[in-house]
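Sequential numbering from 1 along the given sequence is applied to the chain's residues.
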Amino acid sequence: MDKAALARAVGAPVTFGQSQFAFVRGHSFESRVKADGGVELVRLLHRRLADGSPEPGPGSVDTPGLSATGLEGRTARTALALREATAAGRWAVLDHPLLALTVAGTPAYLEPDAIVVHPDGGWTVVEIKSFAMIDGAADATKVGAAARQAAVYALALEAVAERVAKGAAVVRDQALLVCPKDFSNLPAAALVDLRKPLATTRRQLKRLTGVAEIAAGLPEGTTFDLCPSDDGRTPTRPADELAEALDAVAAAYAPECLAACELAFHCRARARAADSVRTLGRGVRAELGGLTTVASVLAAAAGEAGSPDDPAVAALRRASALRAEALALASADEGALAGAGQ
């Protein structure tokens with residue numbers, strides 16, 4: 001489903017997104033990195049590998065075409081290009097290939113910036129980012145996010161390697177991160193270890209509840225189809241009907257959702273209406289134990305509800321007492337200063 005369109009239909013349109021300036025800058029940098037048919041990209045990878053093999057020159061890098069009709073067609077074309085490039089035993093760069101990864105029982109389609117095929121049959125995921133690499137180092141938080149993203153691509157690649165390469169290809173557990181060097185538009189590269197994010201992602205995928213299982217628990221007739229009209233394009237389903245369908249699906253809102261999910265504003269409004277402590281963040285929610293509403297937290301802190309044997313209640317009452325003591329001391333200090341001034 002189109003979550004952004006659904007959010008607009010229920011009156012909670014998304015307001016975040018990459019700025020036009022950042023988008024243009026990122027696109028310009030990526031085009032520069034790939035401008036020579038992928039030769040410079042392969043050279044950046046070769047220099048980081050430092051395996052003693054000769055540096056790739058002009059004409060030594062293949063760039064297979066990946067155009068096809070539809071998502072499934074592009075995915076199949078990518079798999080075929082990977083198999084042919086591996087069999088050729090040459091450097092190859094696949095520009096914006098399309099991969100499929102099964103997530104909660106359904107296929108999710110992924111588009112890496114590039115995949116490099118090595119002459120020895122290795123496959124390396126390439127992530128091209130617009131944040132700077134200053135003095136050979138980049139922001140750790142952004143690098144970590146890029147590593148997690150590349151790990152998902154690597155998992156999807158492993159499925160392709162198992163299916164079409166028959167052991168002839170190996171997905172490398174290091175991704176090539178390409179960023180602008182210092183404050184210029186020149187590319188700099190570093191290898192990012194994917195072993196930890198790969199293990200984490202595998203574990204998370206195994207723990208996901210299947211989409212079919214979630215759908216089976218919904219009321220009969222639940223749908224998020226915005227366009228039940230004959231033309232299939234004009235949104236005609238009432239907003240209250242769509243909101244009711246959304247309410248049938250449990251939402252675990254957290255402030256972090258605002259940076260990643262188109263329905264975050266709708267879920268935040270639901271959480272606020274329910275007086276849920278989820279609006280305070282996952283860390284606070286975890287510390288509060290069985291206290292699930294802001295009203296119950298305030299009542300526990302004031303000694304009006306909750307058992308003192310509950311660690312969360314005891315901590316809240318202790319914090320409330322310390323706050324009252326601090327406010328009393330501050331009031332006394334203000335009174336003393338006022339008296340001295342007179």
Side-chain angles (χ1 to χ4, degrees), residues 26 29-64 81-97 99 112-158 160-161 165 167-201:
F29 177 68
E30 181 177 339
S31 298
R32 177 167 187 166
V33 172
K34 300 175 180 177
D36 56 356
V39 175
E40 178 60 24
L41 185 59
V42 172
R43 284 175 177 168
L44 289 170
L45 175 59
H46 181 269
R47 290 166 191 162
R48 302 310 300 179
L49 293 174
D51 56 4
S53 61
E55 187 170 275
S60 62
V61 178
D62 297 331
T63 54
L82 284 167
R83 184 176 66 182
E84 292 175 345
T86 303
R90 287 166 48 87
W91 289 103
V93 174
L94 278 66
D95 186 9
H96 285 286
L99 307 172
D113 292 326
I115 296 172
V116 175
V117 178
H118 300 239
D120 63 0
W123 296 353
T124 295
V125 174
V126 178
E127 275 294 285
I128 302 175
K129 298 297 185 183
S130 59
F131 57 82
M133 191 176 295
I134 301 174
D135 293 332
D139 182 89
T141 302
K142 294 178 179 179
V143 172
R148 291 190 293 273
Q149 185 177 352
V152 178
Y153 297 149
L155 280 179
L157 264 183
E158 287 179 355
V160 177
V170 175
V171 180
R172 294 176 176 254
D173 57 11
Q174 288 182 313
L176 183 71
L177 176 63
V178 183
C179 302
K181 182 179 180 181
D182 298 327
F183 301 99
S184 70
N185 203 33
L186 298 175
L191 290 174
V192 180
D193 192 348
L194 300 182
R195 288 174 294 182
K196 185 175 180 179
L198 275 170
T200 301
T201 305

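Partners of Ala154 under the side-chain contact (heavy atoms from CB on, under 4.5 Å) rule, at least two apart in sequence or in another chain, are Val125, Val171, Leu194, Leu198. Listed by chain and residue number, Lys181, Leu186 satisfy the side-chain contact (heavy atoms from CB on, under 4.5 Å) test with Ser184 (two or more places apart in sequence, or in another chain). The side-chain contact (heavy atoms from CB on, under 4.5 Å) test applied to Ala146 returns Lys129, Leu177, not counting sequence neighbours. For Asp120, the side chain to side chain donor-acceptor pair (under 3.5 Å) partners at least two apart in sequence or on another chain are Arg172. When the side chain to side chain donor-acceptor pair (under 3.5 Å) test is applied to Asp95, the partners found at least two apart in sequence or on another chain are Lys34. Applying the side chain to side chain donor-acceptor pair (under 3.5 Å) rule to Asp51 yields the partners Ser53; only residues at least two apart in sequence or on another chain are considered. Residues that satisfy the side-chain contact (heavy atoms from CB on, under 4.5 Å) test with Pro180, not counting sequence neighbours, are Arg25, Phe29.
Ring-plane geometry between Trp91 and His46 is classed as perpendicular, the angle between the planes exceeding 60 degrees on a 0 to 90 degree scale with a lower cut at 30.
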As a quick check of understanding, evaluate side chain to side chain contact (heavy atoms under 4.5 Å, CB included) for Leu99 and Ile115, giving each step before the final call.
CA-CA 11 Å; Leu99 307 172; Ile115 296 172; 4.2 Å; yes
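The two residues Ser130 and Gly26 make their nearest non-hydrogen contact at CB-CA, 3.9 Å. Of all non-hydrogen atoms in Ala132 and Ala138, the two that sit nearest each other are O-CB, 3.6 Å. Minimum interatomic distance between Leu49 and His118 (heavy atoms only, all atoms of both residues): CD1-CE1, 3.6 Å. Here the closest heavy-atom approach between residue Ala147 and residue Val192 is recorded as CB-CG1, 3.6 Å. Taking each heavy atom of Ala189 and Leu44 in turn, the nearest pair found is CB-CB, 4.0 Å. When all heavy atoms of Gly37 and Thr63 are compared, the closest pair comes out as O-CG2, 2.9 Å.
In this structure, CG in Leu41 is found 9.5 Å from CG in Asp113, a value given to the nearest 0.5 Å. In this structure, Ile134 CD1 and Asp139 CG are separated by 9.5 Å, a value rounded to the nearest 0.5 Å. The distance from atom CG of Leu45 to atom CG of Leu191, rounded to the nearest 0.5 Å, is 6.5 Å.
The shortest side-chain heavy-atom distance between Thr86 and Trp123 falls under the 4.5 Å cut-off. The shortest side-chain heavy-atom distance between Leu176 and Val116 does not fall under the 4.5 Å cut-off. For the pair Leu94/Pro64, a side-chain contact is recorded, criterion being any heavy-atom separation below 4.5 Å from C-beta on.
Evaluation of the salt bridge (Lys or Arg N to Asp or Glu O under 4.0 Å) test over residues 189-201, restricted to residues two or more places apart or in two chains, returns Asp193-Arg195.
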List the atom pairs, with distances to 0.1 Å, where a side-chain N or O of residues 54-62 and a protein N or O form a donor-acceptor pair under 3.5 Å, not counting sequence neighbours.
{"from": "Glu55", "atom 1": "OE1", "to": "Arg47", "atom 2": "NE", "distance (Å)": "3.2"}
{"from": "Ser60", "atom 1": "OG", "to": "Gly57", "atom 2": "N", "distance (Å)": "3.0"}
{"from": "Ser60", "atom 1": "OG", "to": "Gly57", "atom 2": "O", "distance (Å)": "2.4"}
{"from": "Asp62", "atom 1": "OD1", "to": "Arg90", "atom 2": "NE", "distance (Å)": "3.3"}
{"from": "Asp62", "atom 1": "OD1", "to": "Arg90", "atom 2": "NH2", "distance (Å)": "2.9"}
{"from": "Asp62", "atom 1": "OD2", "to": "Arg90", "atom 2": "NE", "distance (Å)": "3.0"}

